[in-house]
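Structure first, commentary second.
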Amino acid sequence: MARASRWERGVAQMQASGFAGANASIATSSASGGMATSSGSGSSNVVAEARRYLGGNPTGRGRLWCARFMNMVLERTGLHGTGSDLARSFASYGQRVSGPQIGAIAVMGRRGGGHVGVVSGIDAGGNPIVVSGNNGNRVRETPVSRGRIFAYVMPTN
């Protein structure tokens with residue numbers, strides 16, 4: 001019997017955690033029943049790269065590292081980031097899109113600053129599932145309320 005890939009284990013874990021209706025696929029061509037899809041393999045690469053660090057902290061920083069993580073992921077997939085440690089710097093990065101799309105960067109507000117991560121799926125309620133750094137002091141993949149997000153941007157070179 002073949003061993004499940006990291007992605008398959010992640011999907012199974014999300015389903016076991018109550019995200020059974022989550023769109024966790026990374027479709028790159030046809031529409032998938034109204035759910036968001038990525039706009040190309042570059043977006044899929046960003047999600048895959050971000051997922052490589054689930055549970056860890058690849059930046060070595062103790063605090064305020066979500067933007068540094070996002071910049072690192074973009075760089076490792078051959079894209080340029082903002083070069084800033086401020087999450088809100090991503091609000092003026094890339095190409096704005098009107099809603100959550102797999103591979104889009106979600107820029108969120110929060111008390112005392114901002115937060116940033118990459119959309120990896122959409123849950124049954126239409127909320128984006130986001131992979132982000134410095135979420136509980138580690139990289140996590142969790143759904144985020146749509147109301148928290150004030151910008152979605154697709155990475156560009």
Side-chain angles (χ1 to χ4, degrees), residues 5-15 17-56 58 65-82 84 86-110 113-136 138-157:
S5 70
R6 177 182 278 193
W7 183 83
E8 291 166 326
R9 290 190 309 267
V11 169
Q13 182 180 14
M14 284 183 3
Q15 289 172 336
S17 299
F19 303 122
N23 174 17
S25 66
I26 303 176
T28 57
S29 56
S30 63
S32 57
M35 294 294 197
T37 59
S38 74
S39 63
S41 63
S43 300
S44 299
N45 291 342
V46 173
V47 172
E49 181 66 21
R51 282 181 169 153
R52 288 185 56 209
Y53 305 99
L54 288 173
W65 55 272
C66 64
R68 180 161 298 183
F69 173 71
M70 194 74 257
N71 278 305
M72 181 198 81
V73 166
L74 290 167
E75 181 180 306
R76 290 186 179 175
T77 57
L79 299 168
H80 298 285
T82 65
S84 172
L86 297 175
R88 291 179 182 262
S89 68
F90 283 92
S92 57
Y93 167 82
Q95 180 181 344
R96 276 271 175 135
V97 291
S98 61
Q101 296 179 26
I102 295 172
I105 296 170
V107 186
M108 300 159 248
R110 71 172 181 175
H115 193 64
V116 66
V118 62
V119 177
S120 61
I122 313 295
D123 74 10
N127 294 304
I129 300 168
V130 176
V131 180
S132 63
N134 200 24
N135 184 343
R138 64 180 185 250
V139 176
R140 295 177 72 188
E141 183 169 29
T142 58
V144 175
S145 171
R146 289 178 298 206
R148 263 190 78 194
I149 299 173
F150 65 86
Y152 293 99
V153 294
M154 290 303 288
T156 59
N157 243 348

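Please read these numbers as outputs of a predicted model, since none were measured by experiment.
When the side chain to side chain donor-acceptor pair (under 3.5 Å) test is applied to Asn127, no partner is found at least two apart in sequence or on another chain. Shown here are the side-chain contact (heavy atoms from CB on, under 4.5 Å) partners of Ala67, two or more places apart in sequence or in another chain: Phe90, Val116. Remark: Arg76 pairs with Tyr53 by the side chain to side chain donor-acceptor pair (under 3.5 Å) rule, at least two apart or across chains. Evaluation of the side-chain contact (heavy atoms from CB on, under 4.5 Å) rule for Ser84 yields Thr82, Leu86, Ser89 as partners, not counting sequence neighbours. With sequence neighbours left out, Arg88 forms a side chain to side chain donor-acceptor pair (under 3.5 Å) with no residue at all.
The side-chain heavy atoms of Ser132 and Val118, taken from C-beta on, include no pair separated by under 4.5 Å. Proximity of Asn71 to Tyr93: side-chain heavy atoms (C-beta onward) are nowhere separated by under 4.5 Å. For the pair Met72 and Pro58, the minimum side-chain heavy-atom distance is below 4.5 Å.
With rounding to the nearest 0.5 Å, the separation of CG in Asn135 from SG in Cys66 is 9.5 Å. Remark: Leu79 CG to Ile105 CD1 distance equals 8.5 Å, nearest 0.5 Å. To the nearest 0.5 Å, the span separating CZ on Arg51 from CD on Glu141 amounts to 4.0 Å.
For Gln95 and Thr156, the side-chain atoms include no donor-acceptor pair closer than 3.5 Å.
Between Pro100 and Ile122 the shortest heavy-atom distance is CB-CD1, 3.5 Å.
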Cut-off 3.5 Å, no hydrogens considered: what does the side-chain donor-acceptor table look like for residues 144-153, sequence neighbours left out?
unit_1 : atom_1 : unit_2 : atom_2 : d
Ser145 : OG     : Gly147 : N      : 3.4
Arg146 : NH1    : Gly125 : O      : 3.3
Arg148 : NE     : Gly109 : O      : 3.4

